[in-house]
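Here is the structure we will look at, set down as structure tokens.
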Amino acid sequence: METHCKEYDFRQIEPKWQTFWAENNTFRAEQASNRPKYYALDMFPYPSGAGLHLGHCENYGITDIMARYKRAQGFNVLYPIGWDAFGLPTENYAVKTGRHPVDVTKENIATFTRQLKQLGVSYDFSREFSTTDPEYFRWTQWIWLQLFKKGLAYVEDKPVWWCAALGTVLANEEVIDGKSEVGGHPVERRPLRQWVLRITAYADRLLEDLKELDWPDSTKRMQAAWIGRSVGSEVEFDLEGNLTDRLKIFTTRVDTIYGATYMVIAPEHVLAQKLTTPPQQAAVNAYTRAAAGKSDLERTELAKEKTGVFTGSFAINPATGRRIPIWMADYVLASYGTGAIMAVPAHDERDFEFAQKFGLPCPQVIAPAEGTAVELPFCDKGGDVVLMNSADCNGLTPGAATAKLDQRFMAEGRGKSTVQFKLRDWLFSRQRYWGEPFPIAWVSEFDYRNAVASHQLSVPEVPVTAMIEGVLRYALPVPETALPLRLPDVSSYEPTGTGESPLAKITDWLEIWYEPGTGDAVPASEPKPAEHWIRARRETNTMPQWAGSCWYYLRFADPGNSDALASKMALEYWGTPDIYVGGAEHAVLHLLYARFWHKVLFDLGVVPTDEPFTKLFHQGIILGEDGEKMSKSRGNVANPDEIIRSYGADTLRLYLMFLGPLDAMKPWNPRGIEGVHRFLQKIWRECVDTEGQPNAKITPDSEDSTEVVRLLNETIRKVGEDIANLRYNTAISQMMIFANRIQKSEQVSRKTMLTFLQVLAPFAPHICEELWERLGEKQALASALWPVYDAQILKTNESKLVFQVNGKHRGDQLLPNDITQDAALEEAMKHPKVAAQLEGKAIKRVIFVPGKILNLVVG
RNA sequence: GCCCAGGUGGCGGAAUUGGCAGACGCAGUAGACUCAAAAUCUACCGCCGCAAGGCUUGUGGGUUCGAUUCCCACCCUGGGCACCA
């Protein structure tokens, strides 16, 4: 396509170069190369029907500029894109419209792709894939099977949100203030059979390895807090009148045990019924029932006021030998520690509040070493404190007492030092259609044992079992050669009404005759194909959306591979992303889940490193004009399509990067965009005259002034450094300064102009390609190498010395770098403003910082 | 409540091994060009003051010859966590 426009007509220029790049495969990464690699990655987008928003544009702009810069530096750059396309919104839309999710997904991807191309993002589209492609989810299922075989996947009944009116299970984000997001119907917690991944087995490594990562500190801190490691002790308390059981608690402050005056168990504690005495039965039952009806959210919301009930039984404090009452209260969580605590009201705010309400004693056992009286509860945070009222631990520090007591309880066989995590195992199933099916066949124990033995199937050490429709079933893995296990084609995605996935209704898919060695299946309604085929039932749950995004960065290294998730060679060469850019909202879940899978793959020898994302960056949120979050209801949404139509993609990209620091939250100012658009117009006019021909001021043989040469070199240096450090806003300022200077020159050398276009190109690639071509270059700018600045030119032997009197700026002067203090002082005295300040005063002191300041202290 | 990040002109922001506060851009003012307007160009553009000068980086203290930058206390905004024993 030829363009001869005289004006800066981005509507012609941008499509021209987008087509050129696509036709020439300009951004295709070389699969095998001697060049060093650079892998840039954006967080996996969900192709929603709404299309790209400004946040996407900012995100991809940041990475695209980096990718283009690295290409210019000679790196073999992998900069891919794909689609995280399974998930709820598409499924809900399909239910509503009766269309197939596959078709809806295709359409949404087409919209996104068109928009991305209009933005001029330099993706290698030849590597594009979607998590919904059977050739992709084949490997998602394969990885899941490895987790399953390692014993990292198990089945458990877990409470999920159930909406009776909608007849379906809802995700957390679909429940707002205890009502369904759609329709505002009441919801309740209902236990359903779920797959759970044992991420807690990796808790220590996930925490420990955070330290090495080049991530924003706040993100690392959030993950660390989420994992929540705490060191403490387990202690078993004897029970009065019960010699078979003991009550095990976890505490981080075993040193306070002499102050433990009661125990608390969670309502769901396994010993709850046993510990309840007949007179307390009614009260305890009422309390348990009330607690069960509350969601976790309600429990914490209503947590302002402590509630609880006495069980009627007593434990023996192993330190004091005294009997202490056992209470039940929902401020103790069943899911953390052992679900039971020893309460030390004098030194724990929660226990104190509870003890106050129920009139339980509060003996002080910790005091400041100084001996000053304190108010209870006294919760020391590592200050200088010692124990009191603690028998032979009196006078010890908490550390010393903890060591002593741990040892003592260990010797008694009732305790030990231990570690607890806040991190819970990962609920890894959804009762939905539009997700990856689990490659599992539920069979009888007999068939399971037979199949495993006769086909040498690799299975977990402890078989995974579940009660399904009243029958105990065993989870038999589908052979890897039978993957992918596809979703059945169905005509309706309506919920079943029972909480199960719509798959539960597809009887011919669900109930099968199954060949365990090959994974072949036929509907159970048909005759049994051969004697060794067995009756099986498929898993109706599907995987959550996280599954596909847990490993996609590996697939980009070798997306067409049909023998493995990616070849060894590709994984060795491309490794993991050198930069990963996306929103901070994924700080915990996605980034933690992906790290977990990556570590499992590392342990299996599939990947060569143990961390997926070594360098991470979060772009800041673009707020609406009014400084509020952009939202349709506020009517403050800026639409990228419209902006591109009126100003072009180059202007949009440049402006997004110019708004401020990339990681800061910034309001969108629709008038500010004029400024960067004017800047591009100015560049256009400097290069091209009103006839569209090269500007006559650009001459091949003219010499630029030393000032212009220095500014150009300074610009090359600063833009390069600023890109590398993700400070794009100041890089753009520098280019504006340079453009303003060039505009004032009567002549500019062609070389200078071309060099400037090169440094601007990563930010505004279309206009730069066009001008580069108009100035007579034959090779595309996208394949030109980054200019090298001359450090010698940047050195000067004179610099501005600032004169201060009593620390206040009074003047300045250009002086040799090596000027002596005396000579500088002499110059300063000659300066009229300085002289005026010195009038009638004596110089008491002189501070001289060569090349910077000369400060005269006068009295 | 706890943890973190941040408060700089009318606006977005720049400057920190402690050394000219306000780069660059928006908005604004005046002028040039034009029949006129747009576009473009030139100059000005933190506050007070005619000026000299004084004041000024959320507030109040401190360290220093010198503080947007370091220390202490407080206020505000945003984000995260929230009975995790």
Side-chain angles (χ1 to χ4, degrees), chain A residues 7 216-226 228-230 232-233 249-254 256 264 266 296 299-304 306 329-333 335-344 347-351 353-354 381 420-424 584-585 587-588 618 620-621 623 625 627 629 654-655 658-661 663-676 678-679 681-682 685 727 729-737 739-740 743-744 800-812 836 844-849 851-858:
Chain A
E7 299 292 307
D217 276 338
S218 59
T219 304
K220 288 208 234 181
R221 258 191 295 267
M222 263 190 249
Q223 278 211 2
W226 189 266
R229 181 180 198 269
S230 56
S233 316
I249 58 100
F250 172 75
T251 176
T252 55
R253 291 301 300 271
V254 71
T256 63
V264 185
D296 292 354
R299 276 203 197 179
T300 51
E301 262 176 19
L302 303 171
K304 308 281 183 270
K306 294 271 180 292
D330 67 2
Y331 83 91
V332 171
L333 308 177
S335 51
Y336 182 77
T338 62
I341 61 156
M342 65 176 200
V344 184
H347 305 289
D348 181 288
E349 280 177 37
R350 299 154 299 183
D351 297 346
E353 198 191 318
F354 190 83
K381 293 183 176 77
Q420 284 291 337
F421 293 92
K422 275 198 227 178
L423 184 69
R424 308 289 154 82
E585 66 273 20
V588 176
H618 300 306
I621 296 169
L623 302 171
E625 218 179 319
K629 245 190 188 127
L654 201 61
Y655 184 50
F658 184 62
L659 273 178
D663 53 1
M665 236 186 217
K666 300 153 288 217
W668 175 259
N669 177 356
R671 271 188 300 192
I673 198 166
E674 298 279 356
V676 290
R678 279 203 278 264
F679 166 67
Q681 294 271 19
K682 188 183 291 185
R685 282 194 310 275
R727 291 189 305 242
N729 56 333
T730 50
I732 295 167
S733 293
Q734 180 67 28
M735 292 189 281
M736 286 172 166
I737 292 168
N740 290 343
Q743 192 179 33
K744 292 183 174 65
K800 190 163 73 175
L801 189 69
V802 170
F803 302 143
Q804 292 185 341
V805 178
N806 286 343
K808 288 220 167 81
H809 175 241
R810 296 297 173 181
D812 52 59
K844 283 188 181 165
R845 199 176 153 188
V846 178
I847 290 111
F848 179 57
V849 183
K852 287 200 169 156
I853 60 139
L854 179 75
N855 187 13
L856 308 177
V857 185
V858 302

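In what follows, every chain begins at residue 1, and chains take the letters A, B, ... in the order their sequences are listed.
Straight-line distance between the P atoms of B:rG58 and B:rG6: roughly 13 Å, to the nearest whole Å. B:rC71 sits 10 Å from B:rG18 when the P atoms are compared, rounded to a whole Å. Nucleotides B:rU42 and B:rG60 place their P atoms 41 Å apart, quoted to the nearest Å. Rounded to whole Å, the C1' atom of B:rC11 lies 24 Å from the corresponding atom of B:rU16. Comparing the C1' positions of B:rA27 and B:rC45 gives a spacing of 11 Å, expressed to the nearest Å. B:rA14 and B:rG53 are spaced 32 Å apart, taking the P atom of each and rounding to whole Å. For B:rA67 and B:rC20, the P atoms lie 11 Å apart once the distance is rounded to whole Å. Across B:rA32 and B:rU68, the matching C1' atoms stand 39 Å from one another, rounded to whole Å.
For A:Q804 against B:rG19, a side-chain N or O and a base N or O form a donor-acceptor pair under 3.5 Å. Residue A:K844 places no side-chain atom within donor-acceptor reach of the base of B:rC65, judged by atom type and a 3.5 Å distance cut-off alone.
Between A:R845 and B:rC65, a side-chain N or O to OP1/OP2 separation shorter than 4.0 Å is present. Using a 4.0 Å cut-off, some side-chain N or O of A:R678 falls inside it from OP1 or OP2 of B:rA27. Between A:Y331 and B:rA85, a side-chain N or O to OP1/OP2 separation shorter than 4.0 Å is absent.
Ranked by how close their nearest RNA chain B nucleotide is to the 5' end, A:G660 and A:N740 are led by A:G660. Positionally, the nearest nucleotide of RNA chain B for A:P661 lies more toward the 5' end than for the other of A:G672 and A:P661.
Checking B:rC20, B:rC83, B:rA27 against every side-chain atom of A:D812, the shortest atom distance belongs to B:rC20. When distances are taken from the side chain of A:T730 to each of B:rG79, B:rA15, B:rC20, the shortest belongs to B:rA15. Among B:rG12, B:rC24, B:rA27, the nucleotide with an atom closest to any side-chain atom of A:M736 is B:rC24.
Among the atoms of the strands shown, only primed sugar atoms or phosphate atoms (P, OP1, OP2) are found under 4.0 Å from some heavy atom of A:Q743. At the heavy-atom level, A:N729 lies under 4.0 Å from the strands shown only through sugar-phosphate atoms.
A distance of 11.5 Å separates NZ of A:K852 from CG of A:L801, quoted to the nearest 0.5 Å.
The glycosidic torsion of B:rG46 lies more than 90° away from 0, placing the base in the anti range.
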